[in-house]
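Everything on this sheet refers to the single structure shown next.
The shown structure was predicted, so the numbers you read here are calculated from the model rather than taken from an experiment. Residue numbering restarts at 1 for every chain, and letters A, B, ... go by the order of the sequence lines. Just the heavy atoms: all of them, side chains too, but no hydrogens, waters or symmetry mates, feed the values below.
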Protein chains: 2
Amino acid sequence: MLFIIVDCKTSSARICAMPHLKKATPENASVNKRILDTALDLFVERGFHNVSIHDIQKQANVSIGSIYNHFGGKEGVAKALYYHLIREMEELVKDVVDEGLGYRESCNRIIYMLFEYTETKRNIIAYVLHAKHQEFLPDEPPICSSTPFKTMRNIVQQGIESGEIREGDPWVIASSVFGGAIRLIHLRLDGVLKEPLPKLYDELIDCMWQGVTPAAIQESVA
Amino acid sequence: MLFIIVDCKTSSARICAMPHLKKATPENASVNKRILDTALDLFVERGFHNVSIHDIQKQANVSIGSIYNHFGGKEGVAKALYYHLIREMEELVKDVVDEGLGYRESCNRIIYMLFEYTETKRNIIAYVLHAKHQEFLPDEPPICSSTPFKTMRNIVQQGIESGEIREGDPWVIASSVFGGAIRLIHLRLDGVLKEPLPKLYDELIDCMWQGVTPAAIQESVA
DNA sequence: GTCTATATATGGATAGAC
DNA sequence: GTCTATCCATATATAGAC
């Protein structure tokens, strides 16, 4: 379920901040939210092209007319979702950055947050990281060129410049930092990996930093 | 273009073994091959659901009837492609294993091969690693549970047992080994990363092994 | 085995009442 | 702004000639 849609600010970046008591009641939620909510569920479950306007209409308990009024069609719904969720992620990443923890720790927090989300808000992560948007939103830029991902690469870049992270090609280093985590998320979303991701966090982080820590720091620790 | 379809054995695992002179001539190729060939191109370019039987029919210069005769429909084409390409990858991985290079070097070779393929046989990699098969082949197992991927994880597992690779949760280690490479492939396929992957190989491999080399070996090298 | 013509279903989109 | 009924394009699948 989405709490974020109406106002991104309300969903702070607190890790684990799941308002369990808020009992999502799709019936009395705003039409707008109900549409986006069920669209997310359906798109993730079946894929964009296997979901019809009629399906959304039925499951969201709204009329086709409303969907067209609000979003101009199925693609419009997908696009709205796309930008809402990117913005949601952007907020989360930004909040981590604003904590001013240092670049390495920022990367850790982002990875942990992604792992948590994969377990508790699976569909959001699935839609952002797993969907092939190019196939139904051909005019939108690919997700990995969106702000949150840019910000993540930026953190790595600054980490390199500050000496916290090993030098090298920015793409290689960024992929070395986040690639393992993203791979685990994909495996988890595909149902191949049975273990909850947070359990694997410590070990992954350990491997990862051993790979991209500058030699200087590596020695000083040893 | 596909050389593999008709007989997987013919396309050996030689890296860079591109028979440039063979001049792919879709006109006189077998109907079967022509269908699969153009289907791959179209599916990768537009996505499965944005390609109609008629599109394949036109571009492959065959009739709709032929497509149904050979594959039973669009889904049949996609499924045949899926298994052909998985088998192709499996052959490549198997050939690497058969060289008996040791587990670390085997991982390197596989990554290099994937990088090469991404540049020279882009659509094959895109279809195998980038497509969301669950959305059009809901009854097939996810690609990451297919043999080539299992074999890759198996190599890592044996590497761990032999002491060549650092101990830890198999999923974490495997993701640490291949995650960065797969991430780079995705970035490249999305067009975000402009550099050819083989150029980044050395650096990636370096980062990667620094992360997952056992402490014992690490010290002995230093 | 290959082709064309056609049937049938589905789903996106609109019109117009409330 | 919300709804229902309807239109129309598209795409899968089949039938039947060659």
Side-chain angles (χ1 to χ4, degrees), chain A residues 5-6 25-82 131-140, chain B residues 5-6 25-82 131-140:
Chain A
I5 292 309
V6 177
T25 49
E27 292 76 21
N28 53 19
S30 79
V31 175
N32 217 297
K33 174 165 158 40
R34 238 157 53 212
I35 294 171
L36 289 171
D37 233 345
T38 62
L40 177 64
D41 291 346
L42 288 173
F43 288 164
V44 169
E45 193 184 318
R46 303 187 206 160
F48 178 83
H49 290 285
N50 297 318
V51 175
S52 71
I53 295 259
H54 299 281
D55 293 331
I56 300 173
Q57 176 257 314
K58 260 177 276 178
Q59 189 157 328
N61 268 314
V62 295
S63 67
I64 292 191
S66 289
I67 296 176
Y68 276 89
N69 265 327
H70 281 268
F71 301 102
K74 196 173 77 161
E75 231 188 86
V77 175
K79 197 186 291 189
L81 255 185
Y82 183 76
K132 280 222 67 188
H133 309 101
Q134 309 265 48
E135 284 187 12
F136 52 92
L137 299 175
D139 297 332
E140 310 308 312
Chain B
I5 292 309
V6 178
T25 48
E27 292 75 21
N28 54 18
S30 79
V31 175
N32 216 298
K33 175 165 158 40
R34 239 156 52 212
I35 293 171
L36 289 171
D37 234 345
T38 62
L40 176 64
D41 291 345
L42 288 173
F43 288 165
V44 168
E45 192 183 318
R46 305 187 206 160
F48 177 83
H49 290 284
N50 296 318
V51 175
S52 72
I53 296 260
H54 297 280
D55 293 331
I56 300 174
Q57 176 257 314
K58 260 176 276 178
Q59 190 157 327
N61 267 314
V62 295
S63 66
I64 291 191
S66 290
I67 296 176
Y68 276 89
N69 265 328
H70 281 267
F71 302 101
K74 196 173 77 161
E75 227 186 270
V77 176
K79 197 187 290 188
L81 256 185
Y82 184 76
K132 280 223 66 189
H133 309 101
Q134 310 265 47
E135 283 186 14
F136 52 92
L137 299 174
D139 297 332
E140 309 308 312

Check: residues 64-73 of chain A side-chain donor-acceptor pairs under 3.5 Å, at least two apart:
unit_1, atom_1, unit_2, atom_2, d
S66(A), OG, S63(A), OG, 3.2
H70(A), ND1, N32(A), ND2, 3.0

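In this structure, the nucleotide among dG1(D), dT12(D), dT14(C) sitting nearest to the side chain of N69(A) is dG1(D). Candidate nucleotides dT14(D), dG1(D), dG1(C) were compared by shortest atom distance to the side chain of Y68(B), and dT14(D) ranks first. Of the candidates dT4(C), dT4(D), dC3(C), the closest approach to any side-chain atom of I64(A) belongs to dT4(D). Taking the side chain of H70(A) as heavy atoms from C-beta on, and the options dT2(D), dA13(C), dT2(C), the nearest nucleotide is dT2(D).
Atoms NZ and CD, on K132(A) and E135(B) in that order, are 10.0 Å from each other to the nearest 0.5 Å.
Without hydrogens or angle criteria, D55(B) side chain to V51(B) main chain gives no donor-acceptor distance under 3.5 Å. Side chain of K74(A) to backbone of I56(A): no donor-acceptor contact under 3.5 angstrom is found.
The shortest side-chain heavy-atom distance between N50(A) and H49(B) falls under the 4.5 Å cut-off.
Under the ring-ring contact (aromatic ring centres under 6.0 Å, His included) criterion, F43(A) pairs with F48(A), not counting sequence neighbours.
Near-neighbour residues of DNA chain C inside residues 49-59 of chain A, defined by a heavy atom below 4.0 Å, number-ordered: V51(A), S52(A), I53(A), H54(A).
Close to dC3(D), at under 4.0 Å from its OP1 or OP2, lies a side-chain N or O of S63(A).
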